[in-house]
Amino acid sequence: MMMKSNSVLEEKLRQMAVALELLGENRFRINALARAARVIDSLDEEVEMLVGRDPESAVARLTAIPGIGKGLAAKILEFVASGKIEEHEDLVSRIPAGLFDLLDVPGLGPKAVKMIWERLGIETIEELRAGLDSPDFAALPRMGKKSIENIKKALDFRAQSAGRIPIGKALPIALDFVDFLEKQPGAQRVEYAGSLRRGRETIGDIDLLVSCADPLAMRKAFVEHPSVTQVLAAGESKSSVRIAAGGHALQVDLRIVENRQFGAAWLYFTGSKEHNVALRERAGKRGMRLNEYGLFEDSAKDAREDTERLVAEAEEFDIYRALGLEMIPPELREERWPLEELPDKLVERSLLRADLHTHTLASDGKLSIEAMARHARSLGFHTLAVTDHSRSSVISNGLSIDRLRTQIEAVRAADAEIDGIRILAGSEVDILPDGRLDYPDEILEDLDIVVASPHVSLRQSSEDATKRLLAAILHPAVKILGHPTGRMISQREGLSPDMDRLFEAAADTGTALEINAHWMRLDLRDRHVARAVAKGCLLAINSDAHTIEHFDFLEFGVLTARRGGLPASSCINTWPAGKLYEWLSR
DNA sequence: GCCGTTTTCGGCCCGACTGTTTTCAGTCG
């Protein structure tokens, strides 16, 4: 069975939307297709499973998904049955493949791409670069010197930029900017927004929001920041720049607003786009209008100035309340979560009391058991599990059976020596490609905790991966399935097992599934978390720390967990010590 | 193509900025 059908389907729908855009088709049909693509992408169940479960009622289940109607349900069924969508094949055959790349160039939209394609026959990035200086190009309507210059710069930016960057790299850059802006004279409130605030695993650009006494000076300071390589826009309330930082080229947007409008602006600037649309539609139905300046009575003419008709603006909370909603955390402001029926009592970073997957000098960690434990204690944790690598992980200096026995003794000694935190003797045991574990059962029984993780053979088939991981979940010694798919963000896909079968088995055995908090992993990912929670699984949020700074990564794991709607009660790291030990010894 | 406490037809979120224009189209978020 093909387990990545959603991403394939999403791509096809997206291509259809783009193709129709280039062909100048109906705007709203294009939007509907683009929305459907996003909906499919954020679905937590593969469409094949969704359809296959009960083909009789498949259409009803598909049309129950917001944004999917009869027409798209039929296309999805066609896709599941044949792997293809006829209209997609037809559209793609009419559009040169390179045009999709051209549309990716910042500043080039469908109108411009269509024009240079039809008038000059330009179909690829290379042809665009070569054609930019020709007189024909400058003769196109609305194509002056400045526009051509901007396209050139956009092409250069595209060459340097790696696209979306991992959240772990974006956050420090954003925090540097926040710090910089806070230090400007007259600065009042500075926050980051966008997908960074929503905790997505990768970030396309950094969105910043400022209120201040002197907007002009603030804008000037921003566009003259040392890391800025190009100023894209510098208006009264909105500026955009490109920067080079930490080896990355990326875009940073700054919005300057009145302090009293901060909540409305932060809400708008945090998104997601789909969430904004949903809120604005809701406002409309209730006779109100929502924009980045506030929530207004619909009769307001100029929303920005019409303070008399203002309903709410100051804080996000006020706007949600005025719309008849609870405050929605940024992590849940995504298409996958409807405005009502949101999960409650989400896990929070401050509720974590234990880290159950860490490394020390014994394998590839940088610090001693004692140093790691003292730091964990300073974070308020009652428990730290030391889980160095097993013998097969040669590159990571995995422990032989003898070395593991020595390590267990060392953990016992450290635990006796250090008060205020319990140190568990554990191991991150490799799950071998055939599903066996990397140590014999006898020694596993001597450990307080076993985290079983896949590290090699990450390209095996879905069937083999499913068997492999199921075997680990069903093994009585295994308490946690570590980074279940082994994916590395934008580097390798990792395993693609039948997640539903894993979740059902894990719910049965009470084995916890890990959200590995390292920002290169975040595995399980958000949509898997939602599915696992729905199936009744326990989850763990672990740092996989190799040194004390890595405990900071727990925040990324928490963001991912919250995006998946994980309640604190299902996260074993929040449990009191007694409950956790009882679970470990069951 | 989707959708429905004004609905099964006629709408579809809202605003900022730029560049090339003489009043606005295109792009972006």
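Naming convention: chains lettered A, B, ... in sequence-line order (proteins, then strands); numbering from 1 in each chain.
Tested against A/Arg189 for a salt bridge (Lys or Arg N to Asp or Glu O under 4.0 Å), the candidates A/Glu315, A/Glu182, A/Glu258 yield a single pass: A/Glu315.
Whole-Å rounding puts the A/Ile65 CD1 to B/dG1 C1' distance at 15 Å. Nucleotide B/dC28 holds its P atom 12 Å from the CZ atom of A/Arg27, rounded to whole Å. Between the CZ atom of A/Phe137 and the C1' atom of B/dG19 there is a distance of 14 Å, given to the nearest Å.
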>> With side-chain hydrogen bond (donor to acceptor under 3.5 Å, both in side chains) as the criterion, how do A/Ser195 and A/Arg200 come out once you've worked through the C-alpha distance, each side chain's angles and the decisive distance to 0.1 Å?
In response: CA-CA 6 Å; A/Ser195 55; A/Arg200 279 192 59 172; 5.5 Å; no
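With both ends at atom C1', the span from B/dG1 to B/dT8 equals 15 Å, rounded to whole Å. Remark: the separation of the C1' atoms in B/dC28 and B/dC13 is 14 Å, to the nearest Å. As rounded to the nearest Å, B/dG10 and B/dT6 have C1' atoms that lie 13 Å from one another. Nucleotides B/dG26 and B/dT21 place their C1' atoms 13 Å apart, quoted to the nearest Å. Between B/dT23 and B/dG29, the two P atoms lie 29 Å apart (nearest whole Å). Separating the C1' atom of B/dC17 from that of B/dC12 is a span of 24 Å, rounded to the nearest Å. B/dT27 and B/dT20 have their C1' atoms separated by 14 Å, with the value rounded to a whole Å.
Counting non-hydrogen atoms under 4.0 angstrom, A/Pro110 reaches the backbone sugars and phosphates but no base. A/Leu290 comes within 4.0 angstrom of sugar-phosphate atoms only, judged by non-hydrogen atoms across all strands, and of no base. A/Arg255 comes within 4.0 angstrom of the backbone, heavy atoms only, and of no base. Counting non-hydrogen atoms under 4.0 angstrom, A/Ala112 reaches the backbone sugars and phosphates but no base. Heavy atoms of A/Leu279 sit nowhere under 4.0 angstrom from any nucleic acid atom. Within 4.0 Å of A/Lys145, counting heavy atoms only, lie sugar-phosphate atoms of the nucleic acid but no base atom. Among the atoms of the strands shown, only primed sugar atoms or phosphate atoms (P, OP1, OP2) are found under 4.0 Å from some heavy atom of A/Leu72. The residue A/Lys273 sits close to a base: some heavy atom pair falls under 4.0 Å. As judged by a 4.0 angstrom heavy-atom cut-off over every strand, A/Ala283 is placed among residues making no nucleic acid contact.
In the set B/dT20, B/dG29, B/dC17, B/dT20 carries the atom at the smallest distance from any side-chain atom of A/Arg142. Of the candidates B/dT27, B/dC14, B/dG1, B/dT27 carries the atom nearest the A/Lys111 side chain, counting heavy atoms from C-beta on. Here the nucleotide nearest the side chain of A/Arg29, chosen from B/dG26, B/dG1, B/dT27, is B/dG1. For A/Asn291, the listed nucleotide lying nearest its side chain is B/dC14; candidates were B/dC12, B/dC14, B/dG29. Residue A/Phe269 places its side chain closer to B/dG29 than to any other of B/dG15, B/dG29, B/dC12. Looking at the side chain of A/Ala32, the nearest of the listed nucleotides B/dG26, B/dG1, B/dG29 is B/dG1. Checking B/dG29, B/dG1, B/dG26 against every side-chain atom of A/Asn26, the shortest atom distance belongs to B/dG1. Here the side chain of A/Glu236 is nearest to one of B/dC13, B/dG15, B/dC17, namely B/dC17.
Across all strands shown, B/dT8 forms no Watson-Crick or G-U wobble pair with both key distances under 3.5 Å.
Residue whose closest nucleotide on DNA chain B sits further toward the 5' end, between A/Ile68 and A/Val105: A/Ile68.
For the pair A/Asn150 and B/dG19, the criterion of a side-chain N or O lying under 4.0 Å from OP1 or OP2 is met. OP1 or OP2 of B/dC17 has not a single side-chain nitrogen or oxygen of A/Lys238 nearer than 4.0 Å. For the pair A/Asn31 and B/dC12, the criterion of a side-chain N or O lying under 4.0 Å from OP1 or OP2 is not met. A/Tyr268 has no side-chain polar atom (N or O) that falls below the 4.0 Å cut-off from OP1 or OP2 of B/dC28. Regarding contacts with the backbone of B/dT20, a side-chain N or O of A/Ser147 is found under 4.0 angstrom from either OP1 or OP2.
No side-chain donor from either of A/Thr560 and A/Asp526 sits under 3.5 Å from a side-chain acceptor of the other.
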